[in-house]
There are 2 protein chains.
Amino acid sequence: MRTINDIARQCGVSKSTVSRVLNGHPYVSEQKRQKVLSAIEETGFTPNNLAVQFRKRKTSAIGIITPQVDHPYFASLVQSLSNACAAKGWKPVIFQTFGDKKRELDVFAKLKQRELDGIILTSSALEAPLLAHCLENGPILICNEKYEMDTTVCSLDEESAAYTLTMHMLQTGKKRLLFCLDQTSPSQEARYRGFLKALAVKNLAEGAKRIEAMVTIEDGIRLGSELFRNNQSLIDGIFAGSDFVAAGILHAAKQHQISVPEKCAVTGFDNHPISRITDPPLTTYDNEIAAMAQETTAQLDLQLTGHSYVPKHLLWKGYLVPRNST
Amino acid sequence: MRTINDIARQCGVSKSTVSRVLNGHPYVSEQKRQKVLSAIEETGFTPNNLAVQFRKRKTSAIGIITPQVDHPYFASLVQSLSNACAAKGWKPVIFQTFGDKKRELDVFAKLKQRELDGIILTSSALEAPLLAHCLENGPILICNEKYEMDTTVCSLDEESAAYTLTMHMLQTGKKRLLFCLDQTSPSQEARYRGFLKALAVKNLAEGAKRIEAMVTIEDGIRLGSELFRNNQSLIDGIFAGSDFVAAGILHAAKQHQISVPEKCAVTGFDNHPISRITDPPLTTYDNEIAAMAQETTAQLDLQLTGHSYVPKHLLWKGYLVPRNST
DNA sequence: ATGAAAGCGCTAACAG
DNA sequence: CTGTTAGCGCTTTCAT
């Protein structure tokens, strides 16, 4: 493999000079610069990035941690984040943890060792104190999940979103609502708080039911089948937590000839395209994921360039998308 | 930051010894090994990976190149591939190109510079000769797309899959079929060949129609609306190319009161969960993505460990999932 | 079994 | 403007 030395020799200059032109330094005579440039061109030389990174202690790589990529919400979030990073000239590197603590810690370790210049965490499997401790490894911002940490956290106002959706169902006269979470997490709990808050307004907080681990279409089908089996479910409204789960529920409803929304209303979350084509079309909630992703990288940029950075807790409000499932 | 020197000094040994225990070498006295180990433990020392990688010219990182992650098919493929890599003890690093040549070339450059030990390419934006040239950078295997290259390529037998699906439609008496591709690529063309082959058997190859750039639910809705607008479409069967596109078409069909499959049959591709809940449920094709992903990494392993490696062209056959849309 | 020494390829003072 | 020098943190001969 060709090195900086080779082309230095070839051009009759020192390797510092080559390094200088490589790094766009001033103070290199135009003549030598051209000579070096053409030698590089001619030989097809590429600097050894591993050496450069090692030397500079810097990679411009940003890690994006996500539970998994094959999940409609995280896929779109990760994509927005990647694009925002690329736009800043960083290299986004996606890491999937599958909820595994060790994998997550491995990524944080990379930050400590400067394999990564920063990390954007969309969701963590670690318990709060441990995560708080990891934050000391370097710039770790949180995008999506709402952790109470001493770092910048950008998240959706899930409480308000859930309140809005729930209130919307309640106003159509529904009284016995079921709330689905995918997994327990601060955001999901915030959502649940919003749900309860709406119920409380109508004095219905007593009857609140919740069910966890609902994430896929299949989960929705399963839940719906169980609920609607005897056509005498006590539930008359379901807060599904994701459009996919809601789509599964709607499917089960149709199979069991439960009319939606008359007999049972259903709301989704995320405003994924699937919500347009369910029968009936799904009432859902649209969040400004792209805006949140962009702001997260903007904040990371501030932190990386180091001027006067202070952690912020930012919240995004989305909007209700009313359709015919309510 | 702590280095290997620090703990060498602390233990009163040379840094070579520390390096040896770090790398699990033999020939280190049990006594010193323990001493070093406990010093590492105590100080929380982690070797600087950038330095290690630089020195060893090896990162154990495998790049996975994909057009984008927010796409049901690629998301699931990437996930399978990631898992398979992780199972081998490698670090899967996902790169999205968004069909951009430069981004793709950037990743190949990382291979040349040993930032990556290998690459798994799911789809390329480069023209064949250029891609062929890139293959010389190091181990680049192809998983999914069917390029005629001098490297291992694992792909689905799209031609046979399309033939099966098409034949299936034809056997129900359909005659005027429309074929949708997402983008032109060898695999997609192979699919189209299978489609034509089936038509030819029935002497219907003349009337074959194809349309490109169909990838999302929305694309499907748009296409369906156009086709069904006057309720007098000449098309009586649609080969949709993906379950999402098919779902959009089915939605449009219902809106325009076109009965499926009577008036127009529709087939999907991928057997994504969404295919279960469309109305009617979607006839689709299930491919063994996970198996293909696993074999790809197994082949990469062979190549990386270097014993007697020869490029192979492997093909996976899936199976028809007949449902009520045909 | 272990230490000394020689780099990996590159950058960054420092001294002209 | 440019070359010399001194490493970055680690691995790996090569002696011992």
Side-chain angles (χ1 to χ4, degrees), chain A residues 1-40 43-61 109-117 137-138, chain B residues 1-40 43-61 109-117 137-138:
Chain A
M1 195 172 168
R2 218 170 284 284
T3 78
I4 206 180
N5 280 304
D6 299 327
I7 75 136
R9 205 173 312 120
Q10 177 176 336
C11 297
V13 301
S14 76
K15 59 179 180 171
S16 323
T17 300
V18 179
S19 173
R20 285 186 184 108
V21 346
L22 247 20
N23 291 283
H25 273 247
Y27 305 135
V28 182
S29 71
E30 198 46 34
Q31 191 208 88
K32 299 205 171 175
R33 158 170 275 114
Q34 286 312 328
K35 204 171 195 171
V36 169
L37 249 23
S38 65
I40 288 175
T43 59
F45 163 81
T46 342
N48 179 328
N49 244 314
L50 247 29
V52 175
Q53 292 168 6
F54 166 49
R55 187 52 243 253
K56 292 191 177 169
R57 300 166 168 55
K58 181 169 176 346
T59 58
S60 341
K110 286 178 196 295
L111 185 58
K112 191 174 171 194
Q113 302 161 182
R114 316 275 28 212
E115 271 185 84
L116 254 25
D117 285 357
N137 283 207
Chain B
M1 194 174 167
R2 216 171 288 284
T3 77
I4 206 180
N5 280 305
D6 299 329
I7 75 138
R9 205 173 312 120
Q10 179 176 335
C11 296
V13 301
S14 75
K15 59 178 180 171
S16 322
T17 300
V18 178
S19 173
R20 285 185 184 109
V21 346
L22 247 21
N23 292 283
H25 273 247
Y27 306 133
V28 181
S29 70
E30 198 44 36
Q31 191 208 83
K32 298 205 170 172
R33 158 169 275 114
Q34 286 311 327
K35 204 171 195 171
V36 169
L37 249 23
S38 65
I40 288 174
T43 59
F45 162 81
T46 341
N48 179 328
N49 244 315
L50 246 30
V52 175
Q53 291 168 7
F54 166 50
R55 190 50 244 254
K56 292 189 177 170
R57 301 166 167 56
K58 181 170 175 353
T59 57
S60 331
K110 285 178 197 295
L111 185 58
K112 191 175 171 194
Q113 302 161 182
R114 316 276 30 211
E115 271 185 84
L116 253 25
D117 285 358
N137 283 207

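In this model, no donor atom of one side chain and acceptor atom of the other lie less than 3.5 Å apart for Q53(A) and Q53(B).
A close approach under 4.0 Å does occur between a side-chain nitrogen or oxygen of K32(A) and OP1 or OP2 of dT2(D). The phosphate of dC8(D) (OP1 or OP2) has no side-chain N or O of N48(B) nearer than 4.0 angstrom. Side-chain nitrogen and oxygen atoms of T3(B) include none within less than 4.0 Å of the OP1 or OP2 phosphate oxygen of dC8(D).
Between R20(B) and N49(B), it is N49(B) whose nearest contact on DNA chain D lies nearer the 5' terminus.
Put simply, chain B comes within 4.0 Å of DNA chain C, heavy atom to any atom, from dA1(C) to dG9(C), going 5' to 3'.
Within 6.0 Å of atom NZ in K35(A), 12 or fewer heavy atoms from other residues, nucleotides or ligands are found, so the atom counts as exposed in its surroundings.
With S38(B) contributing its side chain and Q34(B) its backbone, the two residues share a donor-acceptor pair below 3.5 Å.
Nearest heavy-atom pair across A8(B) and S14(B) is CB-C, 3.8 Å. When every heavy atom of N48(B) is checked against every heavy atom of Q113(A), the shortest pair comes out as OD1-O, 4.1 Å.
Within 4.0 Å of P47(A), counting heavy atoms only, lie sugar-phosphate atoms of the nucleic acid but no base atom.
A donor and an acceptor atom sit less than 3.5 Å apart, one in the side chain of S16(B) and one in the base of dT12(D).
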